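See below for the structure under consideration.
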There are 2 protein chains.
Amino acid sequence: MTVAEGLGTDILTSLLDTIRFDDRGLVTAVAQQYDSGEVLMVAWMTRATILETLETGRVCYWSRSRGERWRKGDTSGHHQWLRGMRLDCDGDTLLLLVDQKGPACHTGRRSCFFRAVDGPSPGAEVEPLFQSGAPTEQSVGRL
Amino acid sequence: MTVAEGLGTDILTSLLDTIRFDDRGLVTAVAQQYDSGEVLMVAWMTRATILETLETGRVCYWSRSRGERWRKGDTSGHHQWLRGMRLDCDGDTLLLLVDQKGPACHTGRRSCFFRAVDGPSPGAEVEPLFQSGAPTEQSVGRL
């Protein structure tokens with residue numbers, strides 16, 4: 001039984017109805033490693049990719065640049081497994097608690113947030129490359 | 001000496017120039033408690049509110065609903081102090097490492113992400129009220 005089946009259609013529909021998608025049908029999603037608390041990336045989801053994520057347990061986003069579903073890890077093998085999903089108070093942002101295999105960032109870093117704007121070394125990269133020569137996502141540029 | 005002064009005008013300008021603001025001049029900002037890792041809220045910033053945040057050390061957002069600066073905690077007293085700021089790989093999202101005093105959410109909860117979409121109790125509230133009768137922000141509704 002999938003997660004979505006487990007939820008039951010009525011509950012799931014009513015939960016999805018509380019999400020405030022923008023005029024493009026998108027909602028912001030923050031992915032956080034469920035155990036370490038690392039904020040890994042921010043991307044976009046549609047109602048359909050949320051459903052797919054709940055049904056399969058593998059996180060699926062919407063790529064704005066390619067205009068298509070983007071099942072995280074299909075190219076790189078660095079899958080994101082869903083451990084929990086939360087909605088914020090005004091319903092326009094999701095927090096995904098995930099188990100990220102390998103780097104989340106297409107640059108090969110664990111987190112996309114590797115550039116420091118302030119701190120001891122402003123402008124410095126604060127995230128090392130996760131694995132030299134690691135395969136990366138096709139999702140370069142604007143997601 | 002403020003953080004912004006410490007950075008130097010050239011470095012700060014070049015850092016701010018790497019941020020990709022949308023056509024409204026806004027960039028998404030994720031606020032995370034710097035020590036516990038809690039994701040507290042997601043809001044918007046402009047170039048001016050980023051500068052104010054760096055200069056004062058107190059986080060200042062842009063309220064889309066009110067069309068004005070929103071210095072977190074001015075109404076509620078629940079200030080957010082900046083401990084670090086990072087930019088993501090494609091330059092359109094900031095991660096703020098903050099020290100949040102009291103609840104971050106205008107509903108009185110520590111985090112805005114208090115509604116579970118999946119998990120053992122879908123639809124349940126997973127964040128308790130931080131403090132009964134706590135003063136809340138004026139920022140109800142869409143930020």
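Remember, predicted model here, so these are calculated numbers, not experimental data. Letters go in sequence order (proteins before strands), and every chain restarts at 1.
Using a 4.5 Å cut-off between heavy atoms, A:Leu94 touches chain B through backbone and side chain atoms alike. With a 4.5 Å cut-off on non-hydrogen atoms, A:Val39 touches chain B through its backbone and its side chain both.
Atom CD of A:Gln32 and atom CZ of B:Phe113 lie 9.5 Å apart (nearest 0.5 Å). The CG atom of A:Leu40 sits 10.5 Å away from atom CG of B:Leu95, with the distance rounded to the nearest 0.5 Å. Residue B:Asp90 holds its CG atom at 9.5 Å from CE of A:Met41, rounded to the nearest 0.5 Å. Separating the CG atom in A:Asp88 from the OG atom in B:Ser111 is a distance of 8.5 Å, to the nearest 0.5 Å.
The candidate from A:Leu87, A:Ile19, A:Leu16 with the greatest count of non-hydrogen atom pairs under 4.5 Å with chain B is A:Leu87.
Counting heavy atoms from C-beta on, the side chains of A:Arg115 and B:Thr18 come closer than 4.5 Å.
Contact between A:Leu15 and B:Ala116 at its shortest, heavy atoms only, is CD2-O, 4.0 Å.
For A:Asp17, the salt bridge (charged side-chain N to carboxylate O under 4.0 Å, His left out) partners two or more places apart in sequence, or in a different chain, are A:Arg47.
Of the charged side-chain nitrogens involved, at least one lies within less than 4.0 Å of a carboxylate oxygen, so that A:Asp92 and B:Arg64 count as a salt-bridged pair.
One hydrophobic cluster holds both B:Phe21 and B:Met45 under the rule that ILVMFWY side chains link at heavy-atom gaps under 4.5 Å. Residues A:Val98 and A:Leu51 fall within the same hydrophobic cluster, defined by Ile, Leu, Val, Met, Phe, Trp and Tyr side chains chained together at heavy-atom separations under 4.5 Å. At a threshold of 4.5 Å between side-chain heavy atoms, the hydrophobic network of Ile, Leu, Val, Met, Phe, Trp and Tyr places A:Val42 and A:Tyr34 in one connected group.
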